[in-house]
Amino acid sequence: MVKKIKNLKEFSLSNDRFEGANLMCPGCSHNIIVREVLNATNDPVIVATATGCLEVCTAVYPRTSWDVSWIHIGFENAAVAAATVAAAYEVMKRKGKLPPATQKMVDEGREPKIVAFAGDGGTYDIGFQSLSGAFERGHNFMYVCLDNEVYANTGGQRSSSTPIGASTTTSPAGAVSYGEKMQKKSMVEIMADHGAPYVAQVSPSKWKDLVKKVQKGFEVYGPVYINAQSACTTEWKHAPEDTIEVSDLGVESCVWPLYEIINERDEHGIIYSTKLNITYRPKQKIPVEEYLAAQPRFRHLFKPENRHIIDLWQKAVDARWEYLQRREEAGV
Amino acid sequence: MARDMKHIDVEEIKDLGWDELIPGAALFSFKEPVEDVVEVPMEERPYAPTNSHEWQVGDWRVEKPVFNRDLCIDCQFCWVFCPDISILSRDKKMIGVIYEHCKGCGICVEVCPTNPKSLLMFPEHMDNEEALKQWPQKEEKKKD
Amino acid sequence: MAKRMELNEVEVWDGNMAAAQALRQADVDIVAAYPITPSTPIVQNYSKFLADGYVDGDFIMVESEHSAMSGCVAASAAGVRAATATSSQGFALMVEVLYQASGMRLPIVLTVVNRALAAPLNVNGDHSDMYLGRDAGWINLCSYNPQEAYDLTLMAFRIGEDLRVRLPVMVHQDGFLCSHTAQNVRPLQDEEAREFVGEFKPVNSMLDVANPVTHGVQTEEDWHFEHKARQHHDLMNSVPVIKEVFAEFKERTGREYDLVYKYKMDDADVAIVALGTTVESARVAADRMREQGIKAGVVSFRVLRPFPFNEIVEALGDVKAIAAMDRSAPGGTFGMLFNEISAALMAKGKHPVVLNYIYGLGGRDTTIQMLEEVYKQLDECAKAGEAKYPLQQFIGLRGPKLSFY
Amino acid sequence: MLEIRWHSRAGQGAVTGAKGLADVVANTGKYVQAFAFYGSAKRGAAMTAYNRVDDKPILNHEKFMRPDYVLVIDPGLTYTADITANEKEDTKYIITTHLSKEELIKSQPKLEGKEVYVVDCMQISLDTIGRAIPNTPMLGALMKVSGMFDLEYFQNAMRKVLSKFPQKIIDANMKAIERAYNEVR
């Protein structure tokens with residue numbers, strides 16, 4: 001059942017199912033994303049979380065910060081965990097063996113929403129196999145990647161989501177290095193190419209866009225992938241109060257474009273239409289340099305010998321933005 | 001015998017022996033069933049003592065946000081962007097800061113659109129009454 | 001509702017079919033699995049049962065064994081019955097999640113068709129995978145033939161799901177020697193089996209939206225130890241439940257199981273201790289030895305974990321010489337059976353000669369003649385009252401004799 | 001205890017044959033065992049399958065066997081496989097071949113002086129079933145040579161074993177069994 005959210009005031013009527021006094025860093029985007037996702041629906045939610053900051057900070061014995069059922073198994077298996085909970089739910093529903101309170105919800109048309117949260121390490125890297133498998137199998141669940149582009153939980157090591165030029169603890173900038181050497185991979189397209197009915201990229205700073213996409217994701221049957229920008233005060237090294245501003249800089253510079261890919265499928269799962277929609281278009285695209293300058297993880301790029309990496313960044317972002325616009329125009 | 005982790009007194013938890021633990025280290029959110037949690041505001045929920053709602057992290061703060069009701073337009077930016085569920089908002093009205101859960105990140109202040117802001121950071125030790133007295137005046141828009 | 005399968009009083013099933021039939025009859029809600037030789041036919045048979053309408057649950061063909069066990073953990077925490085099967089490398093890939101399953105106290109059933117671990121790659125049977133997982137906090141049940149693989153798989157659900165236990169259970173069978181060897185099996189009819197296994201009783205089900213529960217928490221030095229202690233305590237205390245289930249099964253079928261398996265041990269001077277199909281082959285060898293006047297017996301673990309300390313000492317305490325036969329590369333020490341049996345005997349003040357034989361790795365044939373040779377060596381030691389051979393010998397090996405200690 | 005070793009190529013049905021035989025024998029109240037050796041080799045590779053039959057439960061799990069019967073269902077294996085391995089004095093050989101017994105022994109001298117029977121299971125299976133699956137005809141020949149069961153009893157029992165197959169296939173197999181039963185020399 002879709003929750004009606006016309007504006008932020010209406011959204012603020014939501015009763016959170018995620019609790020404070022968890023142990024996440026002050027100013028952490030993960031928490032903001034989790035709140036926005038959970039508050040996007042009034043249906044019951046069941047959560048699986050990969051090992052990572054969110055997991056180690058919200059279920060530290062003897063306290064839980066979750067008012068929904070929650071499971072953590074390992075680093076690499078949040079997708080299969082959520083997918084199998086979804087499968088178990090469907091078996092029990094078919095057999096008529098759901099717990100009474102759950103059955104009551106189902107009877108009211110409020111089926112539980114099953115959501116996996118994982119960081120980019122648990123998604124782009126170690127959890128990719130489990131994620132790919134679960135999407136190929138088509139389970140009915142939502143996977144939200146909290147993408148802070150680094151292994152924040154273990155102390156800031158590079159992941160395959162770390163963007164070029166970022167200084168991390170395993171790709172540090174130094175006398176002869178500008179930091180991370182690789183471009184990050186495009187998880188949104190990779191997951192869309194699994195044939196998932198709905199895939200989107202979001203930023204917590206654009207809360208309405210995020211909530212709308214999550215709601216769309218909850219409405220389709222099948223696996224849904226949401227790639228959420230998650231500015232990390234500790235590893236991006238910006239001040240905690242600047243989390244939303246840094247996120248916005250990412251969106252407004254098109255470093256973090258907000259878009260969705262919809263694979264429309266017939267009853268046999270055959271895709272008859274793929275559409276990419278850009279859901280937010282900056283009024284005036286700001287230079288990437290401003291985004292980079294806001295984050296000390298890129299500080300060294302402003303040295304003369306590394307300026308070319310900033311130019312490279314701008315080129316890459318422009319090319320990508322162009323690509324997205326062309327796809328949108330072409331309706332593919 | 002495993003102790004009932006839904007009802008145990010918070011003070012007792014840390015003294016539990018191995019034989020009193022729930023098998024599998026499961027934790028419960030509530031003391032009793034809550035059929036439809038989204039219909040129950042936090043202040044009315046039967047939280048189990050093991051719910052972090054019953055805990056506090058306020059001592060993490062160096063500075064605290066102070067809320068000025070007189071200036072607030074109830075836009076709810078602070079509510080939506082608060083990472084720590086520490087902005088108490090009811091019936092579309094901003095009520096105040098839950099200091100037990102606020103870690104003092106300052107996002108609420110940054111996103112506050114009023115002029116002057118309706119939320120500002122003040123030293124942790126300062127009285128809120130005192131802070132309100134020191135509230136700055138409206139900032140004139142700089143001319144280019 | 002699943003269709004009923006008409007079964008003959010005597011079926012000729014291999015170990016894989018026996019295990020698959022037990023999973024079918026147990027009405028498992030979620031089987032999440034990945035193929036690997038030699039356990040593959042279990043999930044093939046199971047998916048055929050599903051295709052023909054004999055299974056009401058879901059069968060999820062996942063993309064790895066890691067996901068197979070992760071899926072079982074999630075399903076079990078969701079509050080449904082979950083099971084899977086694996087071998088060897090697949091088992092190794094599952095290991096991380098085996099600990100999650102037991103730590104979260106989820107009564108998953110895993111049928112393990114034992115096979116060697118690479119390198120070099122080998123698809124045949126030995127006990128390397130069993131040994132790899134023995135500290136994972138699971139109840140370990142051992143079968144020696146297809147009938148037992150069937151019986152123990154049914155019983156595994158009852159034992160693991162008992163509210164006094166709530167632990168995952170592995171049922172081991174030998175790769176090929178059991179899994180691909182068809183023998184007479186007397187199955188229960190579907191309704192008898194279902195009645196015996198009973199309905200799954202969810203505990204802290206994630207699907208109960210009115211009672212949110214958090215599974216898989218983080219504990220640090222202030223809590224981890226207590227939780228592991230609780231887990232070990234409950235594993236150790238599963239023994240009475242295992243015995244109850246064995247007793248009830250005997251009442252229904254006449255087939256008797258005990259923590260420790262004994263053959264002709266009442267008056268035995270020498271004994272072979274082994275696992276898997278070798279236990280039965282050793283019976284043949286023991287009978288031949290007795291024809292030659294050597295009082296030979298056989299002992300095995302029906303329940304490897306929890307370790308039946310008193311029972312194993314009772315079984316072996318009066319024996320003069322014992323062969324601990326380990327079918328797993330010992331990796332720089334004695335084999336597991338040697339270490340555990342010797343420790344148990346010593347702790348109870350018993351000092352028989354104990355020899356360690358490493359045998360049958362990678363499916364190398366274990367012949368009756370080879371077992372007879374072992375008995376003959378034991379007989380010499382028994383008569384001499386001391387070890388007349390190196391404490392660790394590799395047998396059935398080409399090339400010069402290999403021994404240690 | 002009666003022990004049987006099958007020589008076959010993967011895909012020719014030796015395992016199915018061994019299990020089918022076990023099924024039939026188990027129905028008479030006897031104890032059976034049917035197993036095979038596998039490597040990672042695929043269809044076409046030489047392989048062996050085994051049966052044990054006894055009046056009491058079979059405990060022996062050694063792969064080593066001194067067979068009472070050696071069944072060779074692929075003609076080529078007579079020359080390339082070690083079909084006389086671990087033979088006993090009275091081991092009986094039933095060999096698929098288009099040759100006469102004398103011709104066969106001449107072509108494979110190590111069968112000299114042994115109790116050898118020949119039957120062309122390949123041709124029979126091609127004629128009756130339409131495919132080179134020489135396992136069921138070999139069982140027909142084994143019945144004749146061993147006297148284990150009479151033809152009619154065995155055919156009835158095999159009908160049950162094959163019951164999941166279409167009637168046409170069952171009928172073809174029955175014909176194959178009967179021909180081999182009558183043609184084995």
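Only this structure's heavy atoms are used, side chains among them; waters, hydrogens and symmetry mates stay out. Chain letters run A, B, ... following the sequence lines, proteins first, then strands; residues in each count from 1.
Of the listed residues (C:V97, C:T219, C:D29), the greatest number of heavy-atom pairs within a distance under 4.5 Å of chain A belongs to C:D29. Highest contact tally toward chain A, considering only C:A68, C:S70, C:A210, is held by C:S70 [criterion: heavy-atom pairs under 4.5 Å]. The candidate from A:A134, A:A101, A:P112, A:C57 with the greatest count of non-hydrogen atom pairs under 4.5 Å with chain C is A:A101. Of the listed residues (A:D67, A:T49, A:V80), the greatest number of heavy-atom pairs within a distance under 4.5 Å of chain C belongs to A:V80.
Both the backbone and the side chain of A:V60 come within less than 4.5 Å of a heavy atom in chain C. If you measure heavy-atom distances from C:A75 to chain A, the contacts under 4.5 Å come from both the backbone and the side chain. Residue C:L207 touches chain A through both its backbone and its side chain, counting heavy-atom pairs closer than 4.5 Å. For a residue to count as touching a neighbouring chain, one of its non-hydrogen atoms must lie under 4.5 Å from one of that chain's; by this rule C:M61 touches chain A with the backbone only. Only the side chain of C:E96 comes within contact range of chain A, with at least one heavy atom under 4.5 Å from a heavy atom of that chain. Of the atoms belonging to A:R94, it is side-chain heavy atoms, and not backbone ones, that fall under 4.5 Å from chain C. For chain C, the nearby parts of A:I73 are the backbone and the side chain; heavy atoms of each come within less than 4.5 Å. At a 4.5 Å heavy-atom cutoff, the contact between C:N211 and chain A is made by backbone atoms alone. In this structure, chain A has a heavy atom under 4.5 Å from the side chain of C:E199, while its backbone stays farther away. Within the 4.5 angstrom heavy-atom criterion, atoms from both the backbone and the side chain of C:A74 approach chain A.
Between C:I60 and A:H139, the closest side-chain pair of non-hydrogen atoms falls below 4.5 Å. Annotation: side chain of C:H215 is not in contact with side chain of A:H72 (no heavy-atom distance under 4.5 Å). C:V62 is listed as a side-chain neighbour of A:R137, based on a closest heavy-atom distance under 4.5 Å.
Nearest heavy atoms, C:G71 versus A:T84: O-CG2, 3.1 Å. Taking each heavy atom of A:P62 and C:W223 in turn, the nearest pair found is CD-NE1, 3.8 Å. What you find for A:S69 and C:S205 is that their closest heavy atoms are OG-O, 4.3 Å. When every heavy atom of C:T214 is checked against every heavy atom of A:T64, the shortest pair comes out as OG1-OG1, 2.6 Å. Across all non-hydrogen atoms, the minimal contact from C:M206 to A:V47 is CE-O, 4.0 Å.
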Could you please spell out the steps behind the side-chain contact (heavy atoms from CB on, under 4.5 Å) verdict for C:V80 and A:V91? CA-CA 9 Å; C:V80 310; A:V91 169; 5.9 Å; no

Would you check, one step at a time, whether the test side-chain contact (heavy atoms from CB on, under 4.5 Å) holds for C:M69 with A:N77? CA-CA 10 Å; C:M69 187 46 66; A:N77 48 15; over 6 Å; no

Go through the steps to decide whether C:Q218 and A:T58 satisfy the test side-chain contact (heavy atoms from CB on, under 4.5 Å), and finish with yes or no. CA-CA 9 Å; C:Q218 159 100 348; A:T58 63; over 6 Å; no

Decide side-chain contact (heavy atoms from CB on, under 4.5 Å) for C:E63 and A:S130; before the verdict, give the C-alpha distance in whole Å, the side-chain angles of both, and the deciding distance to 0.1 Å. CA-CA 7 Å; C:E63 82 297 332; A:S130 159; 4.0 Å; yes

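When A:K104, A:Q103, A:M105, A:R110 are each tested for a side chain to side chain contact (heavy atoms under 4.5 Å, CB included) with C:V209, only one passes: A:M105.
A ring-centre distance under 6.0 Å is found for A:Y61 and C:H227.
Atom-to-atom distance recorded for A:E76:CD and C:S67:OG is 8.5 Å, nearest 0.5 angstrom. The structure places CD1 of A:I71 at 6.5 Å from CG of C:L106, a figure rounded to the nearest 0.5 Å.
When the shell of 6.0 Å around NZ of C:K48 is examined, it contains 12 or fewer heavy atoms from other residues, nucleotides or ligands.
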